[in-house]
Structure formats: C-alpha cells, structure tokens
Chemist: 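There's a structure below that I have some questions on.
Order of listing sets the numbers, starting from 1, for every ligand and every atom in it. Just so you know, these numbers use all the heavy atoms, side chains as well, and skip hydrogens, waters and symmetry mates. Since this is a predicted model, take the numbers as computed values, not measurements.
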Amino acid sequence: MRGRLLRGGSCKAKTVLLGGLKDHLKTIRQSRRIVFIGCGTSYNAALAARPILEELSGIPVTMEIASDLLDRQGPIYREDTAVFVSQSGETADTLSALEYALENGALCVGITNTVDSAIARNTHCGVHLNAGAEIGVASTKAYTSQIVVMAMLALAIGGDTISNQARREAIIDGVFELPNKVREVLKLDEMMKDLAQELIAHQSLLVFGRGYNYATSLEGALKVKEVALMHSEGILAGEMKHGPLALVDETLPTFVIATRDACFSKQQSVIQQLRARKGRLIVMCSKGDAASVCPGGSCRVIEVPQLEDCLQPVVNIIPLQLLAYHLTVLRGFNVDQPRNLAKSVTTQ
Ligand code: UD1
Ligand code: F6R
C-alpha cells in the first residue's frame with residue numbers, strides 16, 4: 001500500500017508533501033470551517049479522519065452526507081473549505097453537492113481515486129489516492145487509503161509547530177509501520193472465518209464504537225450489510241443507553257471495538273454494562289488486552305496490533321472486512337457484486 005499511496009504525496013524526512021494541495025494550504029488554513037462531503041464508505045472514511053483534522057488544524061470540521069446537504073440546501077460559505085471524498089469521483093450526489101458548493105463560493109478540494117474523474121476535474125485542487133483501480137463493488141482498499149490520505153491532509157494543514165512535533169512524528173512513523181501492521185492483522189483470516197461460521201444463521205449484528213472507531217463501527221456494519229446481506233448496525237457507543245441497549249440479549253451478536261486510545265476506559269465500561277445484560281459479546285482490543293477487556297474469558301476476543309490512534313481505524317476495519325467476506329461466501333452470495341448495487345452511483 002505504501003508504495004502506491006505515497007507515489008504522489010510523501011512523508012519523507014518527517015514532513016508531508018501533498019503535491020496537489022501545496023499551493024492551496026494557506027487558503028485552507030484561513031478557512032472558517034472544513035466540511036467533509038461524501039456518501040457511504042467515503043463518508044465513513046472522512047468521519048474516521050475528522051478528529052485528527054480537528055486536533056492538528058484547530059479548525060471546526062463538520063460532516064455532510066451529500067444527499068442530505070442537497071435535501072436541506074444546507075449552508076456553505078465562501079470562507080469554507082469543502083472536501084469531497086469519493087473513490088470513483090463520479091457519484092451523482094457528491095458531484096451535485098460539489099456544484100452547489102462551487103456556486104456558494106467555497107474552496108473545493110477533492111480526495112479521489114480516479115484521475116480525470118468528474119470530481120477530480122471540477123474541484124479547485126485535491127489529492128489522488130493512488131490506491132489502484134478498485135473493482136469489487138464494496139469499497140475496501142479505497143476506505144483504508146482514504147483514511148491515510150486524510151491523516152496526511154491533517155498533517156499538511158496542521159503545520160509544523162513545536163507543540164505538536166512529537167504527535168506529528170508519531171503519526172508519520174505510524175504511516176510507515178502500516179504495511180507490517182496490516183500484514184499482521186490479515187493473519188486473523190482463519191479466526192474471522194470461524195466467527196463467520198458461528199454467525200452464519202443470525203439475522204442481525206450490532207457494532208459499537210466511539211471516537212476514532214465510531215467510523216469503524218459504521219463501516220464494518222455497512223460491509224456486513226451490503227455483501228453478506230445480513231442486517232447490521234454501527235452504533236456510537238455513547239448512545240448505547242439512549243435506545244440500542246434494549247436490543248441486547250444473550251443471542252444477538254454484539255461487536256465492541258475497544259482498542260487503546262483516549263476512549264478505552266469508556267469502552268471498558270460499555271463492555272461491563274453489556275456483560276451485565278448477558279450480551280453475546282465479540283470484543284476487538286489491542287494485543288495483550290484480552291484479559292482486561294474480558295475477564296474470565298466471558299466473551300470472544302479479537303486482538304489487533306496497536307498503532308497511533310488516528311491510524312488505528314485502518315487496522316481495525318480489516319477483521320470486519322474479513323468477517324463480511326467469509327459470511328458472504330458461506331451464505332453463498334457474490335462478494336464482488338452485491339445484490340442491487342452498482343460500483344458507481346451515477347444517478348440520484
Ligand atoms: C502528480 C502526478 C503523479 C506524480 C507526481 C510527481 C498526476 C495525476 N499526478 O501527483 O503521477 O507522481 O505529480 O510529483 O499526474 N486534483 C484535484 N482534485 C482531485 C484530485 C486531484 O483538483 O480530486 C488535482 C491536484 O490539485 C493536482 C492534480 O490534480 O493539481 C494531481 O493531483 P495528485 O495526483 O494528487 O498530485 P501530485 O501528488 O502532485
Ligand atoms: C460501500 C460503497 C459505497 C460507496 C458510495 C460512494 O462499500 O462502496 O457506499 O462508498 O457509493 O462511492 P464513491 O466513494 O465512489 O463516491
């Protein structure tokens with residue numbers, strides 16, 4: 001991944017260079033707000049990147065699902081930077097939202113995987129993912145590449161101050177560690193196949209996440225839903241007591257993402273509360289944390305390698321992608337071409 005992804009942009013000598021943005025960084029830094037706009041998996045990737053962009057840039061970052069922005073005719077201002085995230089660069093809603101943002105005078109930035117796509121052509125500037133063509137309908141490598149590119153975007157916009165130097169260097173080191181961590185997490189394939197076998201006959205799956213991994217819960221659930229055709233819901237763990245807890249019982253498979261980051265202790269408490277309701281838990285945690293997240297082996301545990309928090313979603317989504325893949329194959333569906341879906345949604 002590193003070779004392709006960093007072909008254009010690069011993280012050499014602990015600095016980030018995104019060739020397509022370098023002439024626009026000053027304007028972006030002066031914007032009043034950054035608005036991420038996308039659909040489906042691309043929206044989820046932007047959600048994963050939002051916290052690091054807020055932290056490093058200090059600029060408010062808001063999120064828009066393209067169709068919803070258009071339905072509401074939501075406010076977009078000249079002082080905004082609107083970032084359009086799209087693998088194909090051709091999604092009709094995202095493209096219409098781009099036209100709308102251009103009319104409203106915002107600086108429009110594209111993050112696309114397709115050179116010469118409509119979004120790449122019509123944005124003022126942007127970044128190509130260089131992840132290679134994505135053929136399967138379900139977006140997978142584009143998702144992980146989008147997160148890495150948006151972390152690089154956060155580093156580029158954030159600027160190099162003494163106060164954030166250690167954090168910046170840790171993220172850049174993390175980018176270089178990613179290929180090994182991804183190789184390591186792919187070794188969970190057999191374990192996810194066994195889990196898929198266990199879950200094959202279930203009707204539904206919940207995925208609880210928060211912070212950097214709220215996006216992982218939405219994206220994991222989306223993958224299970226769209227390819228394995230199993231109802232699945234990604235839930236912000238902070239919302240658990242505001243409704244979803246009513247669903248939890250000893251039969252419904254309930255995934256909790258509890259890798260190490262600033263939200264870890266809150267997720268430990270979520271696990272305790274779910275265990276108190278006899279939830280059928282599958283917990284994803286950092287290597288070495290199995291005993292502390294699940295004392296007494298009371299739930300199934302998936303241990304993943306740890307990484308800088310903002311890059312952790314790249315690793316954490318992989319077991320869920322593998323689970324979706326195996327569920328699909330075991331249920332006899334087509335993993336490359338899910339029912340009723342098209343790779344590029346070019347109509348509204
Ligand atoms: C460019 C080359 C890359 C080469 C590198 C060498 C292309 C497409 N890219 O990459 O092959 O290795 O120089 O330095 O020839 N853009 C948008 N909207 C988007 C995406 C991109 O406007 O959604 C614009 C960028 O602002 C830029 C151009 O397209 O002007 C190319 O973008 P990108 O490939 O990311 O730029 P470089 O990294 O400079
Ligand atoms: C899900 C999936 C879709 C796309 C969405 C946006 O796996 O692929 O949710 O992410 O249709 O597509 P792009 O990124 O091409 O704008």
Chemist: Under 4.0 Å from any heavy atom of C125, which atoms of ligand 1 are there?
Modeler: 16 (N), 17 (C), 18 (N), 22 (O), 26 (O)
Chemist: Give a yes or no on whether a salt bridge exists between D309 and R167, defined as a side-chain N under 4.0 angstrom from a carboxylate O.
Modeler: yes
Chemist: Flag the pair R339 and E226 as a salt bridge only when some basic side-chain nitrogen lies within less than 4.0 angstrom of an acidic carboxylate oxygen.
Modeler: no
Chemist: Under 3.5 Å between any N/O of T112 and any N/O of ligand 1: does that happen in this structure?
Modeler: yes
Chemist: Keeping the roles fixed (side chain from N104, backbone from A106), state whether a donor-acceptor pair exists under 3.5 Å.
Modeler: no
Chemist: Under 3.5 Å between any N/O of S42 and any N/O of ligand 2: does that happen in this structure?
Modeler: yes
Chemist: Looking at ligand 2, does any of its N/O atoms fall within less than 3.5 Å of an N/O of E226?
Modeler: yes
Chemist: Report the nearest protein non-hydrogen atom to atom 11 (O) of ligand 2: residue, atom name, distance rounded to 0.1 Å.
Modeler: V345 CG2, 4.0 Å
Chemist: If you count the atoms of ligand 2 from 1 in the order shown, which ones are under 4.0 Å from a heavy atom of K223?
Modeler: 1 (C), 7 (O)
Chemist: Using modelled atom types only, decide if a donor and an acceptor are shared between the side chain of E90 and the backbone of A118 within a distance under 3.5 Å.
Modeler: yes
Chemist: Is V301 close to L281 at the side-chain level, that is, under 4.5 Å between some pair of heavy atoms?
Modeler: no
Chemist: Run the salt-bridge test on K193 and E198 with the 4.0 Å N-O cut-off and return the result as yes or no.
Modeler: no
Chemist: Please state which protein non-hydrogen atom is closest to atom 16 (O) of ligand 2 and give its distance, to 0.1 Å?
Modeler: T91 OG1, 2.5 Å
Chemist: Pairs of nitrogen or oxygen atoms closer than 3.5 Å, one from V115 and one from ligand 1: do any exist?
Modeler: no
Chemist: Just need the protein heavy atom nearest to atom 15 (O) of ligand 2, so name the residue and atom and give the distance.
Modeler: S88 OG, 2.7 Å
Chemist: If you apply the rule side chain to side chain contact (heavy atoms under 4.5 Å, CB included), what do you find for N180 with E177, and how did you get there?
Modeler: CA-CA 6 Å; N180 283 335; E177 285 170 35; 5.9 Å; no
Chemist: Touching ligand 2 at all, T140? Heavy atoms, strictly under 4.0 Å?
Modeler: no
Chemist: Which heavy atom of the protein is the closest neighbour of atom 4 (C) of ligand 2, given with residue, atom name and distance?
Modeler: T41 N, 4.0 Å
Chemist: Considering only the protein, which heavy-atom contact is closest to atom 5 (C) of ligand 2, and what is its distance?
Modeler: C39 O, 3.8 Å
Chemist: Is the closest N or O pair between V127 and ligand 1 shorter than 3.5 Å?
Modeler: no
Chemist: Is there a polar contact between ligand 1 and L18, counting only N or O atoms under 3.5 Å apart?
Modeler: no
Chemist: Give a yes or no answer on whether the side chain of N113 reaches the backbone of A131 with a donor-acceptor pair at less than 3.5 Å.
Modeler: yes
Chemist: Taking only Lys NZ, Arg NE, NH1 and NH2, and the carboxylate oxygens of Asp or Glu, determine whether K287 and E184 approach each other closer than 4.0 Å.
Modeler: yes
Chemist: Based purely on interatomic distance, does V137 place a nitrogen or oxygen under 3.5 Å from a nitrogen or oxygen of ligand 2?
Modeler: yes
Chemist: Do other residues, nucleotides or ligands put more than 12 heavy atoms under 6.0 Å from K343 NZ?
Modeler: yes
Chemist: Would you mind listing which atoms of ligand 1 come within a distance below 4.0 Å of any non-hydrogen atom of G110?
Modeler: 19 (C), 23 (O)
Chemist: At a 4.0 Å threshold, what atoms of ligand 1 neighbour a non-hydrogen atom of G19?
Modeler: 38 (O), 39 (O)
Chemist: Please find the pair of heavy atoms, one from L218 and one from G234, that lie closest to each other, and give the distance.
Modeler: CD2-O, 3.5 Å
Chemist: Indicate yes or no: does an N/O atom of S86 lie under 3.5 Å from an N/O atom of ligand 2?
Modeler: yes
